[in-house]
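Following: one structure in structure tokens, then a few remarks.
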Amino acid sequence: MSKMESERLFVKTLTKTLKRTLCEEINENDKGLEFNLKGWVMHYRDHGSLIFIDLRDYSGTIQIVFDETISPQSFKTAKKIRNEFVVSVLGVVRIRPSGTENPHLKTGKIEIEARSVELLNDCETLPFQIEEEKEAGVNELMRLKYRYLDLRRKKLKENIIFRSNFTFSIRNFLQKKGFFDIETPFLTKSTPEGSRDFLVPSRLNIGSFYALPQSPQLFKQILMVSGFERYYQIVRCFRDEDLRADRQPEFTQLDMEMSFVNKDDILSLTEELLSGVFGELLNIKLNLPFPRLNYDDAMDTYGSDKPDTRFEMTLKKLSHIFVNSSFNLFKDTITGGGEVKGICLKTGSNLLSRKDIDELVSFAKEFGAKGLAWTKVGENKTFDGGISKFISIGERSNLINELNAENGDMIFYQADLKRIANAVLGKLRVHLAKKFNLIPKSKFNFLWVVNFPLFEYSEEEKKIVSVHHPFTSPKLSDIDILISDPLKARSESYDFVLNGEEIGGGSIRIHKKELQEQIFKILKITPENARLKFGFLLDALSFGAPPHGGIAFGIDRILMLLRNENSIRDVIAFPKTQKAYCPLTDTPSKIESMQLREVGISLLKK
RNA sequence: GGGGCUGUAGUUCAGACGGUUAGAACGCCGGCCUGUCACGCCGGAGGUCGCGGGUUCGAUCCCCGUCGGCCCCGCCA
């Protein structure tokens, strides 16, 4: 079923229930029949003794004609109509006179000859125009303040309807697969690891606080202990961190958890789910299974744990070429345990001016690079510019082979710790691809990244922290090195990536109390602290917890990608600004001092 | 916490060396029009140039501060 068909099906069902005719339900076959249409006036065109309006309801638009000679009364009323008035029109369907059809309208072959009209409501002068042709460029603050008007606009309205169809399709699939939709608390416990919590003071327990959940992680694990075996929820999550185009303080996850499954069970079920939804909503057939990349390979090849594989320009290891080089910067980096890596921008010599290159150097430095070396490739394996003079003839030849470089290309180099070289070139790769439109827009490249490290060392906290979260199971094969070499241990976790965006992730969880306690120990969470923060989980794990695992998807981000938007705000009905402010409701805002007193809070004087 | 871009009519934008009355398009209001569909034509109203301070004979323009919006870094297990 195509997207259009599924929307029409939805419309028909509702109409039958409410006994209401919608604009785009009417077609040529209804010629001569009388209908009552209700909706908003999209445009009005007054021709003296003939008035046209385009009536819009949520199904679409249709043209209504008011003719003085047919219905003087309704014509007189129609004279008062303005944009976005709400009207009810009783009229007869007729075929448009030949030559006046509008091929751009779905209802363009017909029109409604008005017999009577009622003005249900008028409308103030709009703060911005509704027509889709004028959608571009309206200040976002204005759009958010008058969100109800913004939502009348075609693009946003279609995004929100698509979102509804999308989540409906997911629910439909999962219910059929034996999953239960189970709600978990919003007023819950603050989690010490992870992002900053939104806090809610408790009136009945002065001095104590709830936190809004960053995710239902612990509850879904507990539901597995309860024996539900298959859980899902399309649920709001809350994180009090700084915002981005793809981050809102409250966002929606598809949250899932299963018992008695292994990693592959979860990955393949997810693939089936997504290919089903894509087929149903977008008529796109996805090739299964999705590619699976090792974390290490993703970092080495793309410099990212969420690689965009829609274009090449992969990172190449060049250390072997420079290990005995007379170029000390490169040689010393290698001797010191670092690596030299490079990427090749096809035809880059012509694309980039000196000023562009300087900008790229600053760009690289933002991500921790010490600099950004470059050379242009000329005819007959000649090099030009940048660090060319330090590179020997033999090295040039090797570089050209390694990077598949040709006359006119440009090579960028990073010599640093492997981690930094990868990260910088990875960012540069994506930056260049966007800058020079190397990314095919119509592609959907899904992939899994697997075999993540279990831990990483946090320079800021000066201790080992979880890469995923502390309930992630190590790979069974790595249990032995947990204590001896924890940073080498890998986890049973997986990230789901679409077109270079992380849109989901999950893991097999720890279901043995002893192993969980051991992990806390490595993370320097004391037994007392663990009991205080996660005691309920440890208790649950001790009462016959089944092996289990799950995954969560960022619904907003997926929708953003599917709808080709640049921000998740455009797939959320009521989003917030970058300062987490809602201009529509003026939130957050001051509250009465009485309310503060009731919850035992006094504000610090500034 | 930091960097970049930005704020002028209801909206989107232009503007100037610091100098008379700050412009355009769309929208809005009034009039005309029987086949338009982003209708057309004629006329009109509409401005705290984000806010505060400074420099100056004079500031929308220069300087300082501040507030808001967007993008990014840090942050987001």
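Keep in mind it's a predicted model, so treat the numbers as computed, not measured. A note on names: the letters A, B, ... follow the listed sequences, proteins ahead of strands, and every chain is numbered from 1.
Of all nucleotides listed (B:C70, B:C37, B:U36), B:C37 comes nearest to the side chain of A:Leu105. Listed nucleotides: B:C76, B:U34, B:G27. Nearest to the side chain of A:Gln129: B:G27. Set against B:G74, B:U11, B:G69, the side chain of A:Lys579 has B:G69 as its closest nucleotide. The side chain of A:Thr100 sits closest to B:G35 out of B:C39, B:G35, B:G30.
Salt-bridge check for A:Asp570 with A:Arg143: passed, with a basic side-chain N closer than 4.0 Å to an acidic carboxylate O.
Closest heavy-atom contact between A:Asn83 and A:Cys123: O-CB, 3.8 Å.
In this entry the distance linking NZ of A:Lys145 with P of B:G7 reads 20 Å, nearest Å. The distance between atom CE of A:Met142 and atom P of B:G50, rounded to the nearest whole Å, is 14 Å. In this structure, A:Asp46 atom CG and B:G30 atom P are separated by 11 Å, rounded to whole Å. In this structure, CD of A:Glu124 is placed 10 Å from P of B:C29, rounded to the nearest angstrom. Separating the CZ atom of A:Arg45 from the P atom of B:C39 is a distance of 5 Å, rounded to the nearest angstrom. We find that NE2 of A:His43 is positioned 15 Å from C1' of B:G40, with the value rounded to whole Å. Protein atom CG of A:Leu141 is 15 Å distant from nucleotide atom P of B:G10, rounded to whole Å. When the C1' atom of B:G30 is taken as reference, atom NZ of A:Lys80 falls 17 Å away, rounded to whole Å.
When heavy atoms are screened at a 4.0 angstrom cut-off, A:Gln578 is found touching base atoms of the nucleic acid.
Looking at A:Ser567, its side chain does come within 3.5 Å of a backbone N or O of A:Ala245 through a donor-acceptor pair. At least one donor-acceptor pair closer than 3.5 Å links the side chain of A:Ser71 to the backbone N or O of A:Arg115.
Nearest-nucleotide assignment on RNA chain B puts the 5′-proximal partner with A:Thr69, out of A:Thr69 and A:Arg244.
Distance noted for atom C1' between B:G47 and B:C5: 25 Å (whole Å).
Residue side chain A:Arg96 reaches the base of B:C37 through a donor-acceptor N/O pair under 3.5 Å, judged by distance alone. Judged by atom type and distance alone, A:Arg247 reaches the base of B:C76 through a side-chain donor-acceptor pair under 3.5 Å. The base of B:G35 sits within donor-acceptor range of the side chain of A:Glu111, with an N or O pair under 3.5 Å. Between the side chain of A:Arg143 and the base of B:U11, no donor-acceptor pair of N or O atoms lies under 3.5 Å. Contact of A:Gln63 with B:U36 (side chain to base): a donor-acceptor pair of N or O atoms is detected under 3.5 Å. Residue-to-nucleotide contacts include a donor-acceptor pair under 3.5 Å from the side chain of A:Arg94 to the base of B:G35. Between the side chain of A:Asp242 and the base of B:G74 there is at least one donor-acceptor pair of N/O atoms closer than 3.5 Å.
At the phosphate of B:G27, neither OP1 nor OP2 sits under 4.0 Å from any side-chain N or O atom of A:Asn83.
A:Met258 places none of its side-chain heavy atoms less than 4.5 Å from the side chain of A:Tyr231.
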